[in-house]
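Not measured: the values here are computed from a predicted model. Residue numbers start from 1 in every chain, and the chains themselves are labelled A, B, ... in the order their sequence lines are given, proteins ahead of strands.
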Number of protein chains: 2
Amino acid sequence: MPLPSDQDDALVVEDARQPTYDEFLALANFRSTLRRFLAFSEQAAADVGLTMQRYQALLVIKTYRAGEHISVGELAEQLMTRDHSAAELVSRLVQAKLVKRKTDPSDRRRSLVIMTPSGDRCLARLAAVHLRELRASKGAFLNLFNVGKE
Amino acid sequence: MPLPSDQDDALVVEDARQPTYDEFLALANFRSTLRRFLAFSEQAAADVGLTMQRYQALLVIKTYRAGEHISVGELAEQLMTRDHSAAELVSRLVQAKLVKRKTDPSDRRRSLVIMTPSGDRCLARLAAVHLRELRASKGAFLNLFNVGKE
DNA sequence: TACGTATACATCGTGACACGACTTAATTGC
DNA sequence: GCAATTAAGTCGTGTCACGATGTATACGTA
């Protein structure tokens with residue numbers, strides 16, 4: 001039984017082995033690449049007056065089930081947040097006039113989120129910029145996994 | 001003229017073109033994979049009482065130039081944030097007893113950030129969990145780039 | 001039909017985090 | 001020696017997520 005730390009009762013009983021320095025380094029490099037991309041994305045979003053959350057929300061809204069309108073709860077699920085976090089995000093999107101809410105006529109508890117033309121334009125511009133960046137940094141991402149190990 | 005490895009259209013139109021639906025979808029899938037990983041990471045960090053920023057900070061501090069102590073400004077650079085954002089993060093890390101500040105004797109303006117044994121233990125546990133997850137989801141990441149386009 | 005329960009969303013208070021603008025302290029460059 | 005620069009920290013503001021809670025609407029069943 002390996003005992004690398006004094007109290008390891010709760011989680012990770014197996015593989016409690018201390019990572020090697022190279023493993024720490026690989027994780028740091030991976031995170032660094034992620035941060036670089038996310039920083040780019042944040043700046044690109046800011047350039048059109050958005051935040052990353054709003055960009056991601058628009059992306060989900062746009063692509064949800066080939067155009068079907070998404071509800072707040074479904075948006076939360078896609079964004080992996082709580083319902084009320086998504087509701088708040090939608091409120092900020094509405095305030096920014098990027099989407100509208102519409103009560104689902106078939107279930108009046110549900111709020112459908114619908115992109116405005118302005119939201120659609122913002123998203124299209126951001127998407128174009130992101131596509132270019134992703135194509136450009138494809139190599140950096142692939143390297144992480146090919147160099148990493150094994 | 002630089003050749004951006006894109007041969008679809010003329011250089012001029014490159015950004016103005018509306019992304020296709022499949023391109024929106026590819027971006028949405030990429031973000032979804034990223035969110036899945038980041039949500040895992042956030043949960044793993046929360047399980048040891050950390051946030052993702054703190055985990056990333058510890059990772060940088062640990063791996064900075066093979067053990068050399070990092071300053072607040074250098075940490076900011078690595079994390080791609082502003083100096084004062086890093087200073088605030090370090091303050092929270094200090095409060096959580098994960099690191100200590102130490103004035104650099106050779107330049108008393110600089111604050112060196114030094115991990116405590118507790119910080120080291122937290123990081124090691126998180127790193128081990130992340131290594132496993134990354135190895136497991138390697139395929140998902142690689143698919144994103146192979147399926148996307150050429 | 002009536003009514004309790006589950007569901008979907010919204011609201012409120014709190015905390016982490018980032019930022020711009022500003023301050024303080026130490027170093028540097030003449 | 002002293003102004004300019006640099007490193008770090010402080011303050012106020014905004015985004016965002018969360019738990020706890022509130023409020024409709026839908027549903028299930030007696």
Out of dC16(D), dA8(D), dA10(C), whichever nucleotide has its closest atom nearest the side chain of Ser111(A):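 Selected nucleotide (nearest to the side chain): dA10(C).
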Test side chain to side chain contact (heavy atoms under 4.5 Å, CB included) applied to Ala96(B) - qualifying residues, sequence neighbours left out: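 Counting only residues at least two positions away or on another chain, Ala96(B) forms a side chain to side chain contact (heavy atoms under 4.5 Å, CB included) with Arg54(B), Leu98(B).
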Taking DNA chain D as the partner, which of residues 68-80 of chain B come within under 4.0 angstrom of it by heavy atom?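 Those residues are Ser71(B), Val72(B), Gly73(B).
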Mind running a 4.0 Å heavy-atom check of residues 46-55 of chain A against DNA chain D and sending the residues that fall below it, in number order?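 Output list: Thr51(A), Gln53(A), Arg54(A).
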Going 5' to 3' along nucleotides 22-30 of chain C, which nucleotides have protein heavy atoms under 4.0 Å from the base (write B), which only from the sugar-phosphate (write S), and which from neither (write -)? ----BS---
Quick check: closest heavy atoms across [X] and [Y], and the distance to 0.1 Å?
| X | Y | answer |
| --- | --- | --- |
| Leu89(A) | Gln53(A) | CD2-O, 3.9 Å |
| Lys62(B) | Tyr21(A) | O-CE1, 4.2 Å |
| Arg110(B) | Ser71(B) | NH1-OG, 3.6 Å |

Collect all protein-nucleotide pairs involving nucleotides 2-4 of chain C in which both atoms are nitrogen or oxygen and the distance is under 3.5 Å.
none

Using the test salt bridge (charged side-chain N to carboxylate O under 4.0 Å, His left out), find all partners of Asp47(A) that sit at least two apart in sequence or belong to another chain.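 Partners of Asp47(A) by the salt bridge (charged side-chain N to carboxylate O under 4.0 Å, His left out) criterion come out as none, since no residue qualifies.
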Partner residues of Arg108(B) under the salt bridge (charged side-chain N to carboxylate O under 4.0 Å, His left out) criterion, sequence neighbours left out: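 Partners of Arg108(B) under the salt bridge (charged side-chain N to carboxylate O under 4.0 Å, His left out) test: none.
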Closer to the 5' end of DNA chain D via nearest nucleotide, is it Ala86(A) or Arg110(B)?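 The answer here is Arg110(B).
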I'd like a table of donor-acceptor pairs (distance under 3.5 Å, sequence neighbours excluded) in which one partner is a side-chain atom from residues 26-34 of chain B, with atom names and distances.
residue, atom, partner, partner atom, Å
Asn29(B), ND2, Leu25(B), O, 3.4
Arg31(B), NH2, Ser41(A), OG, 2.3
Ser32(B), OG, Arg36(B), NH2, 3.3
Thr33(B), OG1, Asn29(B), O, 3.1

Expressed in angstrom and rounded to an integer, what is the separation of [X] atom [atom1] from [N] atom [atom2]?
| X | N | atom1 | atom2 | answer |
| --- | --- | --- | --- | --- |
| Arg101(B) | dA8(D) | CZ | P | 10 Å |
| Asp83(A) | dA20(D) | CG | P | 15 Å |
| Leu112(A) | dA8(C) | CG | P | 13 Å |
| Lys102(A) | dC9(C) | NZ | P | 14 Å |

Look only at the side chain of Ser137(B) and the backbone of Ala140(B), and say whether a donor-acceptor pair between them is shorter than 3.5 Å.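 Between the backbone of Ala140(B) and the side chain of Ser137(B) there is no qualifying donor-acceptor contact (under 3.5 Å).
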State whether the distance check finds a donor on one side and an acceptor on the other, under 3.5 Å, for side chain Glu88(A) versus base dC9(C).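 In this structure, the two groups form no donor-acceptor pair.
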Please collect all side chain to side chain donor-acceptor pair (under 3.5 Å) contacts where either partner lies in residues 77-91 of chain A, sequence neighbours excluded, each pair once.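 Sorted result for residues 77-91 of chain A: Ser91(A)-Arg101(A).
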Counting C-beta onward and ignoring hydrogens, is there a side-chain heavy-atom pair between Leu75(B) and Val90(B) closer than 4.5 Å?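 Yes, close enough: below the 4.5 Å cut-off.
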Answer yes if the side chains of Ser106(A) and Asp104(A) hold a donor-acceptor pair under 3.5 Å, and no otherwise.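 Yes, a side-chain donor-acceptor pair sits under 3.5 Å.
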To the nearest 10 degrees, what angle separates the axes at the start and end of the helix from dT1(C)-dA30(D) to dC30(C)-dG1(D), five pairs each?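 Here the local axes at opposite ends form an angle of 10°.
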Using ring pair (Phe, Tyr, Trp, His ring centres under 6.0 Å) as the criterion, list what pairs up with Phe40(B), not counting sequence neighbours.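 In terms of ring pair (Phe, Tyr, Trp, His ring centres under 6.0 Å), with neighbours along the sequence ignored, Phe40(B) is linked to His130(B).
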Once you apply a heavy-atom cut-off of 4.0 Å, does Ser85(A) come out as touching a base, just sugar-phosphate, or nothing?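 The answer is base, as Ser85(A) lies within the cut-off (heavy atoms under 4.0 Å) of a base atom.
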Residues in side-chain hydrogen bond (donor to acceptor under 3.5 Å, both in side chains) contact with Gln95(A), at least two apart in sequence or another chain: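 If we apply the side-chain hydrogen bond (donor to acceptor under 3.5 Å, both in side chains) test to Gln95(A), skipping adjacent residues, there are no hits.
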